Amino acid sequence: MKVKKIVFYILATAIVALWIAPFMISFFTSFKSMDELMTTRKWWAPPKEWFPSNFVTAWKDANMGRYFMNTFVITIPSVLGALFLSSLSAYALSWYKFKLSKFILMIFVGGMLIPFQMLLIPVYRFSVSIGIYDKFIGVILFHIAFQLGFCTFFLRNFMKTIPSSIFDAAMIDGAGHFTIYRRIVMPLVLPALAALGILEFTWIWNDYLWSLILIQSDEIKPITLGLVNLQGQWVTSWNTMAAGAIIAAVVPLFVFLLFQRYFIEGLTLGSVKG
Amino acid sequence: MKKVLFVLLAISIAVSLLGTQKLVINSYMSDPAPKKVFAELVEQFEADHPDIEVTVNTFAHEDFKTLLRTWLNSSSAPDVVTWFAGERMRYFASKGLLEPIDDIFKGGFEAYFPGAFKSACAYGDRIYFVPQSWYWWGVYYRKSIFEKLGLTIPINWYQFLNTCEKLKEAGYIPITIGTKYLWTAAGWFDYLNMRVNGLEYHLKLTNGEIEYTDKGIKKVFEYWQQLVDAGYFINNHTSYSWQDAANYLFTGDAAMYLMGQFIKDVAPESVKDDLDFFRFPVINGEIGLYEDTPIDGFMIPAKAQNKKAAKIFLEFIASKEAQEYFASNLGRLAANKDVPAPDAHAQKGLEMILASNGVMQFYDRDTNPEMATAGMNGFVEFMVYPERIDLILNNLEIERQRIFK
Amino acid sequence: MKSQKWVPYAFLALPLLMYSIWVIFPIIQTLYLSFTDWDGVSPELSFIGWDNFKLLFQDPYFKISLWNNIKWLIGFAGISVPLGLLIAMLLDQKFKGSKVYKTLMYLPMTLSFVVIGQIWSWILEPRCGALNSFLGIFGLKSVGWLSDPNIVTYSLIMAASWRQISYAMVLYLAGLKQVPKELVEAAWVDGANGWKRFIHIILPMLRPATVVAVTVSVIDSLRAFDIVYVLTRGGPFYSSSVMANYMYIMAFNNYRMGYGSAIATVQFLITLGFIVFYMRNVLKKEEAL
């Protein structure tokens with residue numbers, strides 16, 4: 001038994017070590033000089049001399065400060081918008097019996113699973129034609145709409161678990177439909193909203209492709225685009241690129257560490273990822 | 001100090017009262033050196049034109065290439081974009097996506113630029129492109145390595161093979177190349193084809209008039225295969241960008257790199273002086289010496305918001321001062337004919353071109369963009385699997401027939 | 001009581017409107033474009049019937065892409081999912097530090113593909129990257145992870161699996177909450193008996209988690225794009241191309257929007273089968289609706 005326990009610990013530790021090795025490599029790389037990287041090639045070893053200046057280069061040159069703000073400006077309204085609108089649709093799809101209910105639900109679920117390449121060309125053209133191309137609002141509206149499928153599906157699953165007797169009782173008390181939604185259902189799904197919000201935050205924060213297609217001005221680019229710009233300029237400076245990557249990853253990483261429970265709950269409740 | 005601030009404030013208020021106009025420029029100059037010089041140029045322009053507020057959006061080179069078409073198509077297109085002269089510009093002009101700019105050249109195009117540039121900047125009888133700088137291609141090499149091994153500059157193919165062999169024996173990578181983004185391989189194809197079959201043949205090919213299965217083309221790959229089979233190219237070149245590959249030249253692991261002058265943009269100070277180039281070796285003495293000389297510059301999308309300011313900007317770019325500033329800071333050749341070569345290195349490049357029998361742009365600038373993608377993929381595939389050459393050329397021929405129908 | 005028929009539609013109006021504009025209508029438009037020769041620039045386009053699709057099935061690079069998608073599918077559903085289960089089983093026991101271990105295993109899921117791509121680009125770099133440097137210690141020869149056409153797709157799948165395995169593990173950890181801890185522990189220490197118990201008791205209990213993990217992995221493998229785009233763009237010479245990536249190159253590099261739409265359409269139709277399977281499984285219990 002004792003031996004097995006030790007074997008188990010070694011095995012588990014080995015796997016976890018393997019899993020975080022890429023993180024450690026990036027972390028160490030971001031503090032090394034290119035000379036050290038090229039001469040020793042010991043990626044997995046801590047730097048002999050620490051160079052925080054790589055972060056300064058990355059921060060200054062890639063304009064990370066502004067990209068940070070831009071990402072917040074895009075992400076927060078997108079998450080709030082998606083949560084709000086999907087709570088409406090989820091409410092309708094979970095509490096009311098009507099003819100098209102199942103069909104509409106299938107449309108939402110199907111939409112979240114399609115290859116997004118299907119949308120690329122038309123969404124771009126549409127944004128241009130109504131004048132929201134290269135504006136925050138264009139990306140935000142797209143994110144809200146695109147995430148509606150998953151959010152609706154997710155929240156509906158959750159709302160289904162609320163006993164319908166609560167609903168009936170409220171109806172008898174004469175509460176209006178919107179009052180029930182706002183006063184009764186919403187407070188009950190708050191934990192689910194939190195989980196969903198954390199998940200959506202990470203996804204939208206990490207989006208690259210849609211910003212690439214819908215934004216062209218440096219002024220409003222999010223951090224993922226900034227990072228790729230940095231990559232274009234510092235192709236051979238792996239240390240600077242690593243520093244940039246860490247800067248770009250740090251917010252979702254912290255959000256995750258702070259709200260880990262919600263994040264994991266969100267993933268398992270939603271049973272799908274974007 | 002306070003006074004200065006006050007004056008500045010007053011000016012800025014006055015300017016804002018007069019109403020500033022916006023000018024949006026999308027640029028692919030993402031390498032640090034050209035990015036910096038271009039930003040300085042823009043500053044100069046803004047100082048001359050305080051009523052115009054310029055925004056420069058910089059994109060990584062490879063992203064820029066895909067995104068350009070989406071911008072040109074959009075109703076909120078940028079006002080000015082960087083691009084390449086030749087077929088790649090003409091493609092957009094032919095679709096009506098570019099603004100003709102003949103009127104910005106007082107005294108005509110030839111008053112600014114060599115007449116030879118005109119065809120690369122025009123579509124039909126109108127000018128759509130302002131050339132900013134141009135450069136030459138050559139075999140860049142490390143002088144110190146050549147000196148150490150007592151190597152001289154190879155003039156002909158036989159000497160070139162010999163040089164490669166000696167470098168290899170001495171433990172160097174004779175030739176570095178990064179083919180991840182394909183176009184570097186097109187440099188080799190251009191030169192081999194020009195040296196084996198001549199310029200006229202090559203231009204016919206890029207025009208879609210010669211079959212890829214032609215005997216002449218097969219011969220080109222026979223020469224290329226000599227280098228591949230002997231293992232003179234760097235291993236795993238398909239996973240490197242051109243800058244990654246250049247790094248092996250800078251670290252002294254590799255000795256030669258067929259590349260454009262802009263390789264100097266990314267070279268560290270410590271090796272810049274050790275970096276020189278020679279003309280691509282002669283293969284057939286009866287064929288003239290031809291070179292790749294790509295022209296870079298600017299154009300205005302047809303759907304630009306502020307064409308007036310865009311034209312003022314391009315006028316500025318065409319001016320001797322602006323051309324000189326850009327060229328001298330980057331060691332390139334200015335398109336403006338009144339600007340001399342900025343340094344000895346550029347002088348050498350210019351002399352090489354002047355002594356040549358003819359020039360072209362570059363494979364992916366002279367042929368149809370779709371054909372270029374197919375062709376360059378084929379070249380890279382050949383460099384990895386030379387034995388597949390017949391299959392590759394057959395496929396390219398099928399593509400050619402579809403594209404140039 | 002729930003008789004006012006307009007009520008659900010009132011709640012659905014805004015979300016459905018937005019969804020239609022940005023998701024449903026674009027799908028229809030792409031289907032339409034796949035029958036045209038639109039070049040993305042010209043104002044006019046002509047209807048060319050099935051030509052794009054005919055061309056597509058003669059296109060050797062499309063075949064490579066499709067075949068690579070199948071490799072992704074096997075890698076994701078056939079390897080990532082079982083490995084995720086294995087790790088979940090391993091970590092779902094009572095031991096000191098289990099929480100920290102799990103947290104560390106979750107980390108790859110918080111990263112964007114741009115960051116993942118970058119991290120792996122310096123791990124897989126052929127000459128002095130981390131992996132080859134590591135192999136070098138043992139005197140092993142360098143491998144062209146991203147340059148050897150026979151290997152590159154597997155390298156990409158490996159990079160993507162780093163995240164995918166974590167995801168499968170999360171799903172299984174949730175599923176294992178229904179399974180008594182003693183059973184999990186017994187499965188490990190009980191030798192042949194434990195294995196039997198795992199197959200006959202634990203695995204059936206995990207069926208819902210498996211269904212979700214497998215279908216989502218299949219769907220993800222069919223729409224794989226980001227990692228390929230960041231690391232190789234489908235190269236060298238399309239040997240690591242997948243359908244999504246090939247579509248992007250055709251549509252946005254080669255200006256063949258019609259042809260690109262046709263690729264997206266084929267991709268869509270293949271995925272559709274799995275989407276339907278997913279919905280039938282997930283929504284099956286919704287008969288009450």
Side-chain angles (χ1 to χ4, degrees), chain A residues 4 11-12 15-16 19-20 22-23 25-26 29 38 41 43 85-86 88-89 91-92 96-98 101-102 104 106-107 109-111 113-115 117-119 121-123 142 144-146 148 171 177 202 206 208 224 227-228 231 238 241 245 248-249 252-253 256 260 264 267-268 271-273, chain C residues 1-2 5 7-8 11-12 14-16 18-19 21-24 26-27 29-30 33 87 90-91 101 103-107 110-115 118-119 122-123 128 130 133 162 167 170-171 174 189 212 216 219 222-223 226 244 247-248 251 257 261 264 267-268 271 275 278-279 282 289:
Chain A
K4 277 186 175 160
L11 193 61
I15 288 174
V16 173
W19 235 247
I20 58 162
F23 282 99
I25 286 172
S26 313
T29 305
M38 284 301 155
R41 294 182 191 174
W43 294 78
L85 287 181
S86 62
L88 292 178
S89 48
Y91 174 72
Y96 295 91
K97 276 189 183 148
F98 58 104
S101 160
K102 193 153 191 179
I104 292 173
M106 272 165 62
I107 285 182
V109 178
L113 297 170
I114 52 137
Q117 283 78 16
M118 286 295 278
L119 314 181
I121 301 164
V123 165
F142 172 78
I144 293 176
F146 189 56
L148 275 178
M171 275 307 231
H177 296 275
T202 321
N206 286 337
Y208 167 69
T224 40
L227 185 60
V228 173
Q231 196 179 9
W238 289 340
M241 269 162 57
L253 216 59
F256 165 76
Q260 185 182 341
I264 297 306
L267 269 188
T268 47
S271 290
V272 75
K273 71 183 183 61
Chain C
M1 186 157 35
K2 297 173 186 176
K5 282 206 172 110
V7 173
F11 277 98
L12 279 166
L14 196 52
L16 258 188
M18 283 191 69
Y19 206 63
I21 293 175
W22 271 280
V23 180
I24 299 167
I27 294 175
Q29 209 178 359
T30 300
L33 282 176
I87 298 173
L90 196 64
L91 297 185
Y101 274 32
T103 304
L104 291 175
M105 290 297 296
Y106 296 149
L107 285 182
T110 64
L111 299 183
S112 70
F113 280 107
V114 175
V115 173
Q118 263 184 18
I119 291 178
W122 53 77
I123 292 178
C128 39
S133 303
W162 185 46
Y167 174 63
V170 169
L171 293 179
V189 293
V212 172
V216 172
I219 289 166
L222 289 174
R223 60 178 176 183
D226 308 63
M247 176 267 172
Y248 188 85
M257 295 283 173
S261 300
Q267 198 190 347
F268 173 67
T271 314
I275 295 177
Y278 174 88
M279 289 205 277
V282 174
L289 221 143

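In this text the structure is predicted, and so the values were computed from the model without any measurement. Values below: all heavy atoms of this structure, side chains included; hydrogens, waters and symmetry mates excluded. Chain letters run A, B, ... following the sequence lines, proteins first, then strands; residues in each count from 1.
Shown here are the side-chain contact (heavy atoms from CB on, under 4.5 Å) partners of A:Ile107, two or more places apart in sequence or in another chain: A:Phe103, C:Tyr19, C:Ile24. For the side chain to side chain donor-acceptor pair (under 3.5 Å) test, residues two or more places apart in sequence or in another chain that qualify with A:Trp19 are C:Ser166.
C:Trp122 places a side-chain heavy atom less than 4.5 Å from the side chain of A:Met241. A 4.5 Å side-chain heavy-atom check between A:Leu227 and C:Val115 finds at least one atom pair inside the cut-off. Put simply, the side chain of C:Thr30 reaches to within 4.5 Å of the side chain of A:Pro122, judged on heavy atoms. For the pair A:Ile15/C:Met105, a side-chain contact is recorded, criterion being any heavy-atom separation below 4.5 Å from C-beta on. Inter-residue side-chain proximity for A:Asn206 and C:Phe113 is flagged as unmet; no heavy-atom pair is nearer than 4.5 Å. Between A:Ile114 and C:Ile27 there is a side-chain heavy-atom pair separated by less than 4.5 Å. The shortest side-chain heavy-atom distance between A:Ile25 and C:Ile119 does not fall under the 4.5 Å cut-off.
Interface remark: A:Phe142 contributes backbone and side-chain atoms alike to the contact with chain C (heavy atom separation under 4.5 Å). Looking at A:Ile20, only its side chain comes within 4.5 Å of chain C, counting heavy atoms on both sides. For C:Ile21, the part lying near chain A is the side chain, with the backbone staying farther off; criterion is any non-hydrogen pair under 4.5 Å. Proximity to chain A (any heavy atom under 4.5 Å) is restricted, for C:Ile123, to the side chain, taken from C-beta onward. Using a 4.5 Å cut-off between heavy atoms, C:Leu107 contacts chain A through both its backbone and its side chain. For a residue to count as touching a neighbouring chain, one of its non-hydrogen atoms must lie under 4.5 Å from one of that chain's; by this rule C:Thr271 touches chain A with the side chain only. The contact between C:Leu104 and chain A is made by backbone and side chain atoms together, counting heavy-atom distances below 4.5 Å. Residue A:Ser26 touches chain C through both its backbone and its side chain, counting heavy-atom pairs closer than 4.5 Å. Contact annotation for A:Thr29: only side-chain heavy atoms (C-beta onward) come within less than 4.5 Å of a heavy atom of chain C. For a residue to count as touching a neighbouring chain, one of its non-hydrogen atoms must lie under 4.5 Å from one of that chain's; by this rule C:Val7 touches chain A with the side chain only.
Here C:Leu12 contributes atom CG and A:Tyr96 contributes atom OH; the two are 10.5 Å apart, rounded to the nearest 0.5 Å. Annotation: the span from A:Met118 atom CE to C:Gln29 atom CD amounts to 10.5 Å, rounded to 0.5 Å. Note that CZ of C:Arg223 and CD of A:Gln117 are 9.0 Å apart. Values are rounded to the nearest 0.5 Å. Atoms CG and CE, from A:Leu148 and C:Met18 in turn, are 6.5 Å apart once rounded to the nearest 0.5 Å. C:Phe11 contributes atom CZ, which lies 12.5 Å from atom CG of A:Leu85 (distance to the nearest 0.5 angstrom). Put simply, CG on A:Leu113 and CG on C:Leu222 are 11.5 Å apart, with the number rounded to the nearest 0.5 Å.
Residue A:Leu119 comes nearest to C:Trp22 through the heavy atom pair CD1-O, 4.0 Å, listed as atom of the first residue, atom of the second, then distance. Pairing each heavy atom of A:Ile121 with each of C:Ala251, the nearest pair is CD1-CB, 4.2 Å. When all heavy atoms are compared, the tightest approach of C:Pro8 to A:Ala92 is O-CB, 3.5 Å. Closest non-hydrogen pair, A:Trp43 versus C:Cys128, comes out as NE1-O, 2.7 Å. The heavy-atom pair separating A:Ala145 from C:Val23 by the smallest distance is O-CG2, 4.2 Å.
In terms of heavy-atom pairs under 4.5 angstrom with chain A, the leader among C:Ile219, C:Leu16, C:Leu90, C:Leu33 is C:Leu90.
Aromatic ring orientation, C:Tyr106 versus A:Phe256: perpendicular (interplanar angle above 60°, classes split at 30° and 60°).
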